[in-house]
Amino acid sequence: MPRTSEKQSKLEQAFQAALESESTVPFDKSSKDEFEQGVAELLPKLFQESFEETVADLSGLQFNHYQVIEQIGSGGMGHVYTAHRNDGQFDKIVAIKVLLQHCNNPQIKKRFLQEKQILAQLRHPNIVPLLDAGKSKQGQEWFVLEFIKGDKIDVYCQKNQLTKNDIVDLMIQICDAVHFAHSQGIIHRDLKPANILIENRDSKAVPIILDFGIAHLDSAKDMTIQGHLMGTPGFMSPEQVRGEACDGRADIFSLGVLMHQLFSGAKAFAGSSAIEIHQKILHEKTDKIAKLIPAFPQDLQIIIDTCLQKKPENRYQSALKLKQDLENWKNGYPIQAQKESLLKVLWRAVQRNKWMAVLSASFVVFGLLFIIKYTYDMNQQRAAAIDANKESDDLFNFLLKDLHQELSDLGRIDLLQTVAKKNLQHLNTYNFADNSEDKIKYAESYRNVASVLAMQQNIQLAIDAYKRALELLQKLDDIGSFNDQSIRLQALTLSDLAGLHAKQGQLQLANQEHQQALSYAQKLKVKAVDSSDETLWDVIHPLSWNLMEQSEYKQAETLLKQAIKITRSALQDNKENKQWLTKKYKSLIAMGWYYIDMREINLAIEQYLRAMDTVKKMLKQAKNSVSLLHSYQKVNNQISYAYLLNKDYNSTVKYAAKGVELGEVLHIKAPGNLIYYRALSFSYTMLGNAYKAQKRPDLAENAFKKSLDITQEMAQASPDNDSLQNDLAIDSMNFADLLLLKGEKKQAEVYWQVAETSLQKIASEPDASIYYVDSYAQVLLKQGKKIQALPYLLRMKNTKGWPRDSFEKIVKAYQLEHSFDEINSTTNEPK
Amino acid sequence: MNKQSYNNTFHTQANHLTQLFVLANQGEKQATDQLLDILYAELKQIATSRRNSFKDNRTLNTTALVNETWLKLKKSEIKYNNKQHFLSLAAIAMRQILLDAAKSKNRLKTPNFVTMEQTSEIKPQSIEHEAEWLYQLDLILVKLEKHSPRRAAVFNLKFFCGFTLNEIAEIFNLSLKTIHREWESAKYIIKTTFELS
C-alpha cells in the first residue's frame, strides 16, 4: 500500500532524527505534557471502548436477528443476556452468551470454528441446544442458546427434598447427555451445579446441562491464570488442577463431586481458598457420606468413590458405564464397579422373599446361605456332610423358584442346577411323615425342583420329579380338607408332565395327560372353588400351545378364546392384579401366534398390541423387572415379525428397533442369559429383513451382521444345541443374500457354506424338525445344489401342517417343477 | 476430529506458565506471544468484572488493573518472581487491547497523520483521532523497543499502566533519577517523531 511504505519511511526518518537530537537535550526537569495524564485520560473514548464499554455496548444490541433484552449474569468467562427474535419469525426468548476472549493464535481460531460446527450438532434432550453463533466486529464470540428457566440442580434437590432414587434418576439422564457429548468428541470440563438446571417439562424434572462445549471452547479459560480460581473451584479434576491434558474422565470426576454434594448436602472439597481446595482435590479423599446421612447405601458410595479416583484410569472409563452402574443400583442389581460376590446377590434374593418376614430365626438363614455357599464352591463332599435340617429345606424350596428367577436373570443357571439336583437327592431319601399337610408340602417341593430342572433342560429328571409329586398327591385324593389343593396341584402337575412328554415326542401320552388335567380343573370349577379359574387357565394355556404345535387349530382356537375370557373376567374385579395381567399377556401372545399361523396378520397385530399394552401396564408397577423387560422385548419382536409378514416395513423397523434397544439393555443387565441374547439377534434379523425390503442394503447388512455375530457366539458355545445351529444357518444365509445383492459372490459363498455345515447333520436325521429341513433345503438351493435339495423338499411337502404355499413358492422360484415330477415318477418316497 | 488431538492442544500447566515466563524473559517470541494472549484475556476479564461492581461510571484505574493481575499470578500455583518482566508484559498487553479497539470498526481511515498537539484545540476529540494517534504511537514504540528496550518499558509502564516513577524505580531496582531520565527521554523521542513526520 502506497500509504504504508511512504509513511513508513517518513516515520523512520523522523525517528532517527529524534534519536539524534535527543542526545543533546538535558532531561533534568519534568515536562508537562499530555503523556503525564496516562492513556485513560488521553484517549478516553478508546479506553472506554476497550475496557468499559464492553457491557454497555450490548444491551439493546442486535446479534443477527436477536435483540438483547437485558443482562442476566456475568461469569468470569463472559456475559449472559436474554434476547428475543425480532425478525418476525417466532417470539422465543433465548440466552446470548458473549465470550471475552482474544486470541492471537490462528490455529486456535481455526479450531474454534470447527468446534462451533460440532456444537451446533450436539442435540440431546438434556443439553441446551446451540441455536446460533457469530462474531462481533470487535472480535468477540457470541453464542445463542435456548433460555432455560429452572433452578440449579443443587438448589432444586434441596428445595424439593429429593430422595436418593430421584437424584439417581436425574444423574442417569445427565450421564446419558455427557456420554453422548463425549461420543461426539466434546468434553464439558466445567460440570457443576451452576451449569445444570432443572427444567419442568410436563411436570417431569429434566436436567439440562448448560455451556456444553462452550466452556471447552473458551481457550482463555484454559490459558488464563484466573482459570485456576474461576467460579466454583471444587469441581475440577486433579489433572485439570494441574493444568494437564484431560479427557472425558475429567467430566466423570466432576460428576462424582456433584453426586457427593447432591446426596450429602455438603461440598466434596471445601476450603477457605482456592489453593486449599485444589490441594484437597489433588491429595485428599472425600468424607464418607454415611457420616452425614446415616445408612447411606454402600453401593452408591462405591459409585461415587470410583468417580472420584485421583487417577483417571481408576475411574469409570465412560459416562455410559457410570450410568449403567447407577441403573444397576436402582434395580437392586450388583454394581460393576466392584464385582459382587454371588453371596450378596443371593442374600438380597433371600431378603426379598416374603418368607423372611415369617421366619425370625436367623440361624435358618445362615444355614441356607451356608448350603448355597458350599454348593457354589462345588465341594460335593463338604456339601453332603452338611445335614440340612427340615426347616432349611422348606425355606430352600420356597426360595428355589424365586432364586431361580433372580439367578437366571443374571445368567447364573449353573449354580441352580447343582442346587436343584442336590435338593432332589435329598428329597428322594427323606422319610416324610404320613400326614396330609406334609404330603402336600413335599409334593410342592418336588414340583419346584421339577420346574427348575425343566428350565435347565434336564427333561427326564424333571419328569421323574413330577411323577413323584403326583404319587404323593394321588395318595391324598380322598382325604377331606386338602382335597381341593391336591386336585389343583394334580391338574398342574399333569399339565407340566404333558408338556415335557410332548418335548420328548411322546405326543399321545401328552394328550392323555392334558385331558386328565383339564377334567381335574373342570371338577374344581364345578365345585366353585376359589382358585378354580386360575387352575383352569393354568391348564388350558399350555394345552392350547400344544394343540397349535400339532396343527390342531380348531381346538386350539376354542381354548385360546376361553383362556382370554377367563383373564378378562378375573381382571374385572381387580384391574391391577399382577398374576392375571401376566396370564392375560400370555394369552394374547398365544392368540397372536394363532392368527399368524392362520395368516390373519392384522388380527395377530391386534393381539400383540394389546399384549404390549398389558406389559407396559405391568412395567409401570415394576419398572425394573428384568423378566418384564424381556416380555416387552418379545412382544416387540413378535409385532415386528407380523408387520414383516404384512409387508409393512416401516412398522417392522419401528418395532424391531425397539426390540434391539430392549435387547441391548437386557444383555448388559444379564449377560449370561442366552434367551435374551437370542431374542436380541431376532430383533436384528427383523431389522435386516425390513431394511432389505426397503432397498437399504447397507443398513440391512449391518443388521444381519449384528444378528450373525450373536448367533455365532451362541452356537460356538453350545455346539449340541440344534436350534442354535439352525439360527446360525439362517443368519448366515441372510447375510450371504445381502452380500450377493452387493455383488460379492465369493463372500456370499463362504457364508452359505457355513450354513450348510451347521445344518447338514441335523437335517439328515429322520426325525429332524421340519424347520431344519426347510432351512437346509434353502441353503442347498441357494448354492445351486438343486438335486441334493429335492429329497428334503419332498419331506417338507409330505409333512402335515407345513404351509403348502411356502413350499410352492420355493418350487416356483427355483424352477423345480419338472425335476420334481421326475423324482416323483422314479420314487414315490422321500429318501 | 479426534478426541485425543483435540485435547492435547489446550495445554496449560502452572509449570507451563512458569516456563513461558522464563522463556519470554529469555526473549523467546512464541512464549511471549502466548503470555500476551493470556494477559490480554486476564486484563479484560478483570476490567469487566470490576466494571460490573461499580454502580456509576467511574473510570477504571489502570494501575489497579495490572496489579490485580499480578496478585492473581502470585496466588496461583505459578512460581514466577520476576515482577518487572511480568508488569512489562502486562503493559504491552494493555497497549494491545487498546490497539485492537483502535484497529476495529474501520477507524484508521483518515489518511492524515494527526498529532495530539494539532488536534488538542478541537475538543471533543473523535474516537477516530484517538485511534489514529494510538496507531502511530504504537509504531514509534515498536522502534523504540528495538533501540532501547528499557526506555520503552518505562514509558509503557507509566503511560499505559499508570505506575508512578517511584514505583517503576522500585520495580526495576534503579534510582529514581535514572528512571526519570528514561521517561523524559522517551517522551521527547516520541513527540519529536510525531512532529517531524
Side-chain angles (χ1 to χ4, degrees), chain A residues 3 7 10-15 17-19 21-22 25 27 30-31 33-35 38-40 42-43 45-47 49-52 54-55 74 76 100-105 108 111 114 118 137-139 185 187 219-220 222-229 242-248 275 278, chain B residues 1-3 6-14 16-17 33 36-38 40-42 44-45 47-49 51-52 59-60 62 72-73 75-78 97-98 100-102 104-105 111 113 116 127 130-131 133-134 139-140 143 147 159-160 162 181 184-185 187-189 191-193 196-197:
Chain A
R3 177 201 177 191
K7 288 290 172 194
K10 222 183 166 192
L11 192 68
E12 181 60 33
Q13 278 176 345
F15 183 69
L19 279 178
S21 68
E22 184 262 352
V25 178
F27 291 115
S30 319
S31 55
D33 52 26
E34 60 272 21
F35 291 108
V39 69
L42 194 58
L43 310 174
K45 295 199 175 74
L46 204 61
F47 188 83
E49 197 177 279
S50 305
F51 286 104
E52 298 182 42
T54 347
V55 173
S74 85
L100 298 177
Q101 186 190 334
H102 170 83
C103 197
N104 280 325
N105 193 328
I108 296 176
R111 186 159 295 109
Q114 285 173 321
I118 297 184
K137 283 195 191 129
Q138 280 191 316
I187 302 166
S219 57
D222 266 18
M223 289 159 59
T224 55
I225 302 159
Q226 197 181 23
H228 293 275
L229 307 172
R242 279 192 233 106
E244 291 162 358
C246 63
D247 56 23
I275 294 283
H278 287 162
Chain B
M1 157 88 66
N2 107 41
K3 240 196 252 189
Y6 191 62
N7 287 325
N8 288 339
T9 35
F10 283 104
H11 211 103
T12 313
Q13 316 183 33
H16 184 72
L17 267 181
D33 280 346
L36 282 174
D37 275 348
I38 295 170
Y40 188 109
E42 207 49 61
K44 270 223 152 174
Q45 256 166 29
T48 328
S49 59
R51 172 75 180 84
N52 287 333
T59 323
L60 219 49
T62 49
K72 283 217 152 68
L73 178 69
K75 269 204 228 169
S76 75
E77 284 185 35
I78 302 167
I97 293 171
L98 289 160
D100 276 355
S104 71
K105 298 183 186 171
F113 188 73
M116 291 314 284
I127 199 169
E130 290 185 11
W133 188 85
L134 182 67
L139 289 174
I140 300 172
K143 292 187 192 295
H147 184 262
F159 182 67
F160 288 104
R181 198 186 184 287
E184 293 291 332
S185 166
K187 280 197 297 175
Y188 176 83
I189 294 171
K191 277 191 286 184
T192 316
T193 315
L196 294 177
S197 49

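All chains are named by letter (A, B, ...) in the order of the sequence lines, taking the proteins before the strands, and each is independently numbered beginning at 1.
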Exercise. Taking C-beta and beyond as the side chain, do Asp33(A) and Lys191(B) meet within less than 4.5 Å on heavy atoms?
Worked result: yes

Exercise. With distance as the sole criterion, is a donor-acceptor pair present between the side chains of Thr192(B) and Glu22(A) under 3.5 Å?
Worked result: no

Seminar exercise, completed: Value for CG (Leu139(B)) from CD (Glu12(A)), rounded to nearest 0.5 Å, stands at 11.0 Å

Exercise. If every non-hydrogen atom of Tyr188(B) is compared with every non-hydrogen atom of Ser21(A), which pair is closest and at what distance?
Worked result: OH-OG, 2.9 Å

Seminar exercise, completed: dist Phe15(A):CZ -> Ile189(B):CD1 (nearest 0.5 Å) comes out at 6.0 Å

Exercise. Are any of the side-chain heavy atoms of Lys143(B) and Leu11(A) separated by less than 4.5 Å?
Worked result: yes

For this session: Find the distance between CD (Glu34(A)) and CZ (Phe159(B)) and round it off to the nearest 0.5 Å.
Result: 8.0 Å

Problem set entry | Exercise: identify the closest heavy-atom pair between Leu196(B) and Ala14(A) | CB-CB, 3.7 Å

